[in-house]
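Comments concern the structure below.
Atoms within a ligand are numbered from 1 in the order they appear, just like the ligands themselves.
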Amino acid sequence: MISKKMEQALNEQINNEMYSAYLYMAMAADCAYKGLKGFASWFMVQYHEEMLHAMKLYEYVIKMGGKVKLQSIKEPPSEFESPMDMFQKTLKHEQFITKCINDLVDLAKQEKDHATEVFLQWYVSEQTEEEENDNDIITQLKLIGTDTAALYLLDKEKATRMVTVPTDFSKGIEAAIKTMSSGA
Ligand SMILES: [Fe+2]
Ligand SMILES: [Fe+2]
């Protein structure tokens with residue numbers, strides 16, 4: 001079982017992850033509008049990753065006998081200046097998410113909720129990876145500067161990122177992972 005307080009905090013994190021998905025979907029849409037198809041694809045891959053983050057929390061809350069309560073998702077910005085603007089905003093948002101995860105870990109510790117603390121470790125590692133990815137792309141964009149030919153090539157490279165997470169949660173995440181790894 002999880003406490004009511006923990007249930008509420010995990011439900012808030014479901015909302016944060018759904019907002020992340022929504023934000024990256026907005027960035028994908030703006031990229032597509034501007035002809036940056038590779039970046040658009042990259043952000044849609046990221047959208048799927050965030051949906052998995054939300055679903056993992058969703059399943060955990062239910063597994064622990066809690067109640068999932070979905071809240072309204074804030075409207076993301078629809079207009080971005082440039083890929084650099086997007087990745088700087090992405091990094092800033094991920095730093096906020098990292099803080100949220102750290103706060104959740106602190107709450108789990110306070111409540112001596114070891115199960116939730118262990119569950120959250122996956123998110124702690126995931127956040128390190130996400131911030132590193134965003135920093136890498138910001139570095140690439142800095143190198144490119146105003147070179148549009150180089151931006152064109154980077155856009156092509158970003159198109160190669162593939163979805164590696166399950167996207168059909170109708171039978172649960174575990175079943176989806178099994179289906180994926182069996183190549184079905
Ligand atoms: Fe996330
Ligand atoms: Fe994320």
Side-chain angles (χ1 to χ4, degrees), residues 2 6-32 36 38-64 66 68-78 80 83-108 115-141 158-169 172-174 176-177 180:
I2 46 172
M6 184 55 80
E7 179 192 279
Q8 201 193 337
L10 293 172
N11 270 310
E12 261 165 47
Q13 191 56 27
I14 293 178
N15 189 265
N16 287 333
E17 300 290 351
M18 293 298 290
Y19 176 76
S20 303
Y22 218 31
L23 175 65
Y24 301 141
M25 190 184 192
M27 289 181 181
D30 197 41
C31 285
L36 294 162
F39 284 107
S41 152
W42 192 96
F43 278 115
M44 281 314 291
V45 172
Q46 194 57 33
Y47 159 88
H48 284 297
E49 296 233 343
E50 299 301 347
M51 292 302 286
L52 173 69
H53 299 171
M55 280 309 297
K56 274 176 105 79
L57 286 154
Y58 170 105
E59 284 193 356
Y60 181 75
V61 169
I62 293 171
K63 191 171 99 182
M64 299 307 276
V68 167
K69 188 176 180 303
L70 299 179
Q71 303 156 21
S72 54
I73 305 165
K74 189 172 72 183
E75 182 181 318
S78 54
F80 302 89
M84 180 62 108
D85 180 36
M86 287 185 204
F87 281 97
Q88 275 167 346
K89 284 180 176 148
T90 296
L91 177 62
K92 204 167 156 234
H93 179 65
E94 291 300 332
Q95 286 165 341
F96 162 73
I97 295 291
T98 302
K99 192 191 169 298
C100 294
I101 298 293
N102 289 341
D103 289 347
L104 281 169
V105 173
D106 287 346
L107 179 64
T116 303
E117 201 186 329
V118 169
F119 166 76
L120 289 168
Q121 290 313 304
W122 183 87
Y123 288 84
V124 173
S125 326
E126 184 70 16
Q127 282 312 115
T128 315
E129 230 177 84
E130 293 224 347
E131 286 192 31
E132 192 189 350
N133 286 343
D134 299 334
N135 272 316
D136 283 351
I137 298 175
I138 289 171
T139 306
Q140 291 172 332
L141 287 167
K158 292 302 164 219
T160 61
R161 185 185 184 195
M162 302 307 274
V163 176
T164 57
V165 297
T167 53
D168 173 6
F169 305 115
I173 295 170
E174 222 169 287
I177 290 172
M180 274 182 82

Has Glu12 got more than 12 heavy atoms of other residues, nucleotides or ligands less than 6.0 Å from its CD? yes
Tyr58: which residues meet the ring-ring contact (aromatic ring centres under 6.0 Å, His included) condition with it, sequence neighbours left out? none
Among residues at least two apart in sequence or on other chains, which ones pass salt bridge (Lys or Arg N to Asp or Glu O under 4.0 Å) with Glu126? none
Without hydrogens or angle criteria, can the side chains of Gln121 and Glu117 be said to hold a donor-acceptor pair below 3.5 Å? no
Below 3.5 Å, can you tabulate the donor-acceptor pairs from side chains in residues 19-27 to any protein atom, sequence neighbours excluded?
{"unit_1": "Ser20", "atom_1": "OG", "unit_2": "Asn16", "atom_2": "O", "d": "2.9"}
{"unit_1": "Ser20", "atom_1": "OG", "unit_2": "His93", "atom_2": "NE2", "d": "2.9"}
{"unit_1": "Tyr24", "atom_1": "OH", "unit_2": "Glu94", "atom_2": "OE2", "d": "2.6"}

The Fe ion (ligand 1): protein N, O or S atoms [distance under 2.8 Å]: Glu17 OE1, Glu50 OE1, His53 ND1
Would you say the ring centers of Tyr60 and Trp122 fall short of 6.0 Å from each other? no
